[in-house]
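Keep in mind the model is a prediction, meaning the values are calculated, not measured.
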Amino acid sequence: MYRFLLSRQWVILTLIALVLIPVMIELGFWQFHRHQSRVAQNALIADNLKATPTPVERLTSPGHTVPRDDYWRQVSATGTFDTAHEVVVRRRTSNDDRVGVHVLTPLVLADGKVVMVNRGWVQGADDQRSFPKVPAPPKGEVTVTGRLMADETTGASGIKDLKGLPDRQVMLINSTQQAALLGRTVLGGYIEQTAPEPAGDSPELIAEPDHDSIGSHMAYAVQWWLFSAGVPVGWFILVRREKRDREAAAREEDAAELVA
């Protein structure tokens with residue numbers, strides 16, 4: 001009664017089941033690895049946020065690529081803001097998801113080097129080609145504390161680096177680009193300012209990155225593994241049902257022949 005498994009329909013069904021099982025197992029491990037990555041990133045963020053601020057020049061230098069282990073490290077820098085070369089970064093959202101710009105201001109250090117400081121979010125101008133109203137930073141020497149961030153690139157951020165933008169507007173926060181615009185030596189990466197807090201709460205300082213949520217990756221992993229376990233169970237149930245239906249059909253045929 002199991003010869004039906006050699007039929008075209010059942011061979012195809014069995015092959016599909018055999019393919020689905022390892023695919024679902026692999027998808028489960030993919031989600032599991034994403035869960036592990038999220039947990040590790042949350043731990044990194046938490047550790048770096050609570051670390052004692054380090055002078056920025058100890059962690060980066062001109063042309064330096066900030067490694068992942070140093071993302072969100074607390075750093076400090078003392079210098080003078082150069083508002084004449086301040087730019088805004090287009091298409092950025094506030095902490096409550098309003099669209100505007102980030103204010104990127106060069107901070108000139110005592111040795112003449114520059115570190116770019118993301119001072120936070122402000123509302124964009126009504127005319128996107130105009131420079132928005134940006135509150136001025138403190139005058140004179142100031143010590144800035146913030147999170148060390150890596151240079152943004154199109155590949156890493158997914159943000160297209162548009163050309164032909166209005167003067168003093170950019171799409172990416174990139175120290176190499178800013179060095180070319182300033183004609184000065186710029187430290188790799190940039191500082192996401194957390195202190196001092198601006199007067200009037202503008203620019204709006206960027207909130208800490210989320211490091212509490214772990215997402216649903218582990219739940220998805222378990223679901224995929226349960227699905228993979230359900231495939232052979234479902235296949236077995238279908239086989240037993242097919243066998244039972246065929247047996248019932250055979251009994252009916254036998255009974256009909258006896259009556260005839």
Side-chain angles (χ1 to χ4, degrees), residues 37-38 40-79 81-82 85-95 97 99-109 113-122 134 137 142-161 168-182 184-198 203-213:
S37 177
R38 183 64 177 269
Q41 176 168 295
N42 284 352
L44 174 67
I45 294 173
D47 289 344
N48 285 351
L49 289 179
K50 68 184 180 183
T52 302
T54 300
V56 68
E57 289 189 90
R58 292 185 183 177
L59 296 180
T60 186
S61 57
H64 177 72
T65 299
V66 177
R68 189 165 190 80
D69 286 349
D70 285 341
Y71 287 10
W72 307 286
R73 281 284 298 273
Q74 294 291 303
V75 294
S76 62
T78 300
F81 279 117
D82 177 10
H85 295 95
E86 186 171 71
V87 299
V88 293
V89 191
R90 292 165 59 111
R91 300 180 185 174
R92 301 300 167 113
T93 55
S94 66
N95 297 329
D97 295 326
V99 179
V101 297
H102 281 176
V103 180
L104 189 64
T105 312
L107 183 70
V108 183
L109 308 178
K113 295 187 182 71
V114 170
V115 61
M116 302 305 300
V117 177
N118 184 348
R119 296 202 289 123
W121 181 92
V122 297
V134 177
V142 60
T143 297
V144 173
T145 303
R147 300 178 283 264
L148 180 62
M149 304 297 293
D151 286 325
E152 296 179 346
T153 64
T154 295
S157 67
I159 301 172
K160 188 174 182 181
D161 191 14
R168 299 175 64 194
Q169 295 190 30
V170 298
M171 296 300 299
L172 298 169
I173 305 177
N174 186 283
S175 63
T176 302
Q177 289 183 357
Q178 291 303 311
L181 292 172
L182 292 169
R184 305 185 68 160
T185 302
V186 179
L187 303 184
Y190 65 96
I191 297 176
E192 201 171 73
Q193 182 176 333
T194 57
E197 294 188 5
E204 177 184 293
L205 296 180
I206 300 168
E208 287 186 356
D210 175 24
H211 57 282
D212 294 322
S213 172

- Task: Output every pair passing side chain to side chain donor-acceptor pair (under 3.5 Å) with a member in residues 186-198, not counting sequence neighbours, ordered by first then second residue.
- Result: Arg147-Glu192
- Item | From Asn118 atom CG to Arg92 atom CZ, the distance as rounded to the nearest 0.5 Å | 8.0 Å
- Residue Arg168 excluded, over 12 heavy atoms near CZ under 6.0 Å: yes
- Check: Leu49 and His211 side chains under 4.5 Å, non-hydrogen atoms: yes
- Query: Hey, is the main chain of Pro53 close enough, under 3.5 Å, to the side chain of Ser76 for a donor-acceptor pair?
  - Reply: no
- Message: Measuring from atom CD of Gln74 to atom OG1 of Thr145, what distance do you get when rounded to the nearest 0.5 angstrom?
- Response: 7.5 Å
- Show the numbers, then the answer: is there a side-chain contact (heavy atoms from CB on, under 4.5 Å) between Val101 and Val89? CA-CA 5 Å; Val101 297; Val89 191; 5.8 Å; no
- Query: Looking at side-chain heavy atoms only, is the closest gap between Thr78 and Val142 below 4.5 Å?
  - Reply: no
- With no hydrogens and no angle check, is any side-chain donor or acceptor of Arg91 less than 3.5 Å from a backbone partner on Ile159? no
- Within a strict 4.5 Å, meaning less than it, do heavy atoms of the Met116 and Val114 side chains meet? yes
- Does any non-hydrogen side-chain atom of Asn42 lie less than 4.5 Å from one of Asp212? no
- Would you say Lys113 and Thr185 make side-chain contact, with heavy atoms under 4.5 Å? yes
- Message: Could you work out, with salt bridge (Lys or Arg N to Asp or Glu O under 4.0 Å) as the rule, every residue matching Lys160, not counting sequence neighbours?
- Response: none
- Message: Within the 3.5 Å criterion, strictly below it, is a donor on Asp161 or Thr154 matched to an acceptor on the partner's side chain?
- Response: no
- Task: Find out whether Leu187 and Ser175 are in side-chain contact, i.e. whether some heavy atom of one side chain is under 4.5 Å from a heavy atom of the other.
- Result: no
- Note on the structure: dist Asn48:CG -> Arg68:CZ (nearest 0.5 Å) comes out at 11.0 Å
- Taking Ser61 for its side chain and His64 for its backbone only, find out whether a donor-acceptor pair lies under 3.5 Å. no
- Would you say Trp121's side chain and Ile206's backbone share a donor-acceptor pair under 3.5 angstrom? no
- Task: Go through the steps to decide whether Asp210 and Arg38 satisfy the test salt bridge (charged side-chain N to carboxylate O under 4.0 Å, His left out), and finish with yes or no.
- Result: CA-CA 11 Å; Asp210 175 24; Arg38 183 64 177 269; 3.4 Å; yes
- Task: Say whether Thr105 and Glu86, considering side chains only, have a donor N or O and an acceptor N or O under 3.5 Å apart.
- Result: yes
- Query: Stepwise, does the side-chain contact (heavy atoms from CB on, under 4.5 Å) test hold for Arg119 with Phe81?
  - Reply: CA-CA 11 Å; Arg119 296 202 289 123; Phe81 279 117; 4.1 Å; yes
- Distance only, no hydrogens: is a donor on one side chain within 3.5 Å (strictly under) of an acceptor on the other, for Glu204 and Asn95? yes
- Task: Spell out, as yes or no, whether a donor-acceptor pair under 3.5 Å connects the side chain of Asp151 to the backbone of Gly189.
- Result: yes
- Message: Closer than 3.5 angstrom, by distance alone: can the side chain of Asp70 be matched with the main-chain N or O of Arg73 as a donor-acceptor pair?
- Response: no
